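Following: one structure in structure tokens, then a few remarks.
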Amino acid sequence: MSKQLHELTFEFKAEKPKDFSEDFLHFGVVGSGDMEVIVEHKDLDGAVRIKITSPVTGYEEVWRRVLERFVNDTGVANASFEINDNNATPVVVSLRLRQALAEIS
Amino acid sequence: MSSKWENLQKRSYLESNARSRAIGLVDTGSFTELAGPRHRISSPHLPLLGEAVEFDDGIVTGVGLIGKKPVFVASQEGRFIGGAVGEVHGAKLVNIVRMARQSYDKMLEDNPDLPEEKRPAVVISFDTGGVRLHEANAGLLAHAELMDQFQDCKGKVPIIALIGSRVGCFGGMGFVAAATDVIIMSQFGRLGLTGPEVIEEELGKDEFDASDRGLVYRTTGGRHKYIMGDCNFLVADSIAAFRETLQEVLRKPYVEIAAMGSIGSLEKVESQLKLVELCVETAPKDSKDVWKTAGNEFPDDLVDMPLDEFLKTVKRLRDRQVPQPPSAQQLRK
């Protein structure tokens, strides 16, 4: 069973929240060392919920730090994120999430 | 939206992902994705093997317009497991072709005089190594089902193949591409059955050195395929260039498009057999020998020549649009 895909879920609240109002957003390709993300508006009382599906284990703490920083930097709020990851490094994760939000403008 | 679409046009076809290609190939704002990431239909097999999944299973399917023509598009994503065909990926591909044919039947039933410019077409942007080995049975079955759908499209819906992405088009999908009516390639597109690395692994580095990029491209690349007559058109590496030639093809009546295919008649089978005969007689050691046989006196020059110059000067072994190639005797003169 150890080979199965793993799921992680986090919830954060930004210090200066800005509502995510898009109904649906998709960005990225699950290439090797890359990831994709779906972002949807969801009423979470100002919080952000992020679900990650990944073949990699043992990096919960790294994910938590990278995502918490992303949420605080961007202020994104009331949104549900779903990530399909394929060994993306923390730098790539940060970049892709910011690129995804930049798609809106 | 329109400016976003215009930016796509200039983009390199080679560097574009599956969704950009699908959106950019049809008219601005006309693409509607079907069974897209929103529906989250990912592979049921990969999680059990601990392999990453993608919400669209590595293929974008949908429908758009080119002029008045409904165009059913399938666009493969080579960056996700080499664009390999798994169960969901295959089902999406098969069903977009089926949907095109069913639309044709319904439209013609409602209006038997429907002008050709409004009749559906299928466009497949290949970026694949063939069957996804993690779910090989389902993948192989999808290949067979797709060929079946192509057969049902005969006489009704033209199928156009576009090859200019990173992975190229190999394995079983090489057969599938060969069964389409028209193949449009860029010089970076690659088309073949057994991929370079597999040949090297099976027959050794002496037979085929897969790390020799020059060798790989002059054996499987767009320029070689154009000379061989294995593709109909060779275009520049941009979405706009592919789209332009696609538009040009789709303006033709169905019978003319279908005549461009490499299979489907006794003459075409004979034409293929003549190529085999030629191959036995001339026993080429390298693609350049074949280019010379085709009448190119300085085959080395063709490798790096700018594309427009190449298209002007190159002599093709056979024009895929003409069913009869020159005979071996004629070529030797």
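A quick note: this is a predicted structure, and the numbers were derived from the prediction, not measured. Throughout, protein chains are lettered first and strands after them, A, B, ... in sequence-line order, and every chain is numbered starting at 1.
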Discussion item. Looking at A/Glu15, I'd like to know if its CD atom is crowded, meaning that more than 12 non-hydrogen atoms belonging to other residues, nucleotides or ligands lie closer than 6.0 Å.
Written reply: no
Discussion item. Does A/Arg64, at its CZ atom, have more than 12 non-hydrogen atoms belonging to other residues, nucleotides or ligands within less than 6.0 Å?
Written reply: yes
Fill in: Side chain proximity check, B/Lys4 to A/Glu103, heavy atoms < 4.5 angstrom
yes
Discussion item. Is any side-chain heavy atom of A/Leu5 closer than 4.5 Å to one of B/Val53?
Written reply: yes
Fill in: Within 6.0 angstrom of A/Glu22 CD, more than 12 heavy atoms from elsewhere
yes
Discussion item. Do A/Glu82 and B/Phe55 make a side-chain contact, defined as non-hydrogen atoms from C-beta onward lying under 4.5 Å apart?
Written reply: yes
Response to the item:
In this structure, CG of B/Leu46 is separated from OG1 of A/Thr53 (nearest 0.5 Å) by 12.5 Å
Fill in: Flag, side chain of B/Glu54 to backbone of A/Val30, donor-acceptor distance under 3.5 Å
yes
Worksheet item: Would you say B/Glu201 has more than 12 foreign heavy atoms packed within less than 6.0 Å of its CD?
Response: no
Worksheet item: What closest approach, in Å, do A/Ile38 and B/Pro37 show between heavy atoms, and which atom pair accounts for it?
Response: CD1-O, 3.5 Å
Worksheet item: Using a cut-off of under 4.5 Å for heavy-atom pairs, which of B/Arg19, B/Glu77, B/Arg38 has the most such pairs with chain A?
Response: B/Arg38
Worksheet item: Within a reach of under 6.0 Å around CZ of B/Phe175, are more than 12 heavy atoms found that belong to other residues, nucleotides or ligands?
Response: no
Fill in: Greatest number of heavy atom pairs closer than 4.5 Å to chain A - which of B/Gly50, B/Gly78, B/Gly58
B/Gly50
Practice prompt. Please state whether the side chain, the backbone, both or neither of A/Asp34 comes within less than 4.5 Å of a heavy atom of chain B.
Written response: side chain
Worksheet item: Does atom OH of A/Tyr59 have more than 12 heavy-atom neighbours, drawn from other residues, nucleotides or ligands, at distances under 6.0 Å?
Response: no
Discussion item. Report which part of B/Glu51 has an atom under 4.5 Å of a heavy atom belonging to chain A: side chain, backbone, both, or neither.
Written reply: backbone
Worksheet item: CZ of A/Arg98: more than 12 outside heavy atoms within 6.0 angstrom?
Response: yes
Discussion item. Taking the basic N atoms (NZ, or NE/NH1/NH2) and the acidic carboxylate oxygens, is any pair closer than 4.0 Å for A/Glu40 and B/Arg40?
Written reply: yes
Worksheet item: Atom CG of B/Leu49 and atom CD of A/Gln4: how far apart are they, to the nearest 0.5 Å?
Response: 9.5 Å
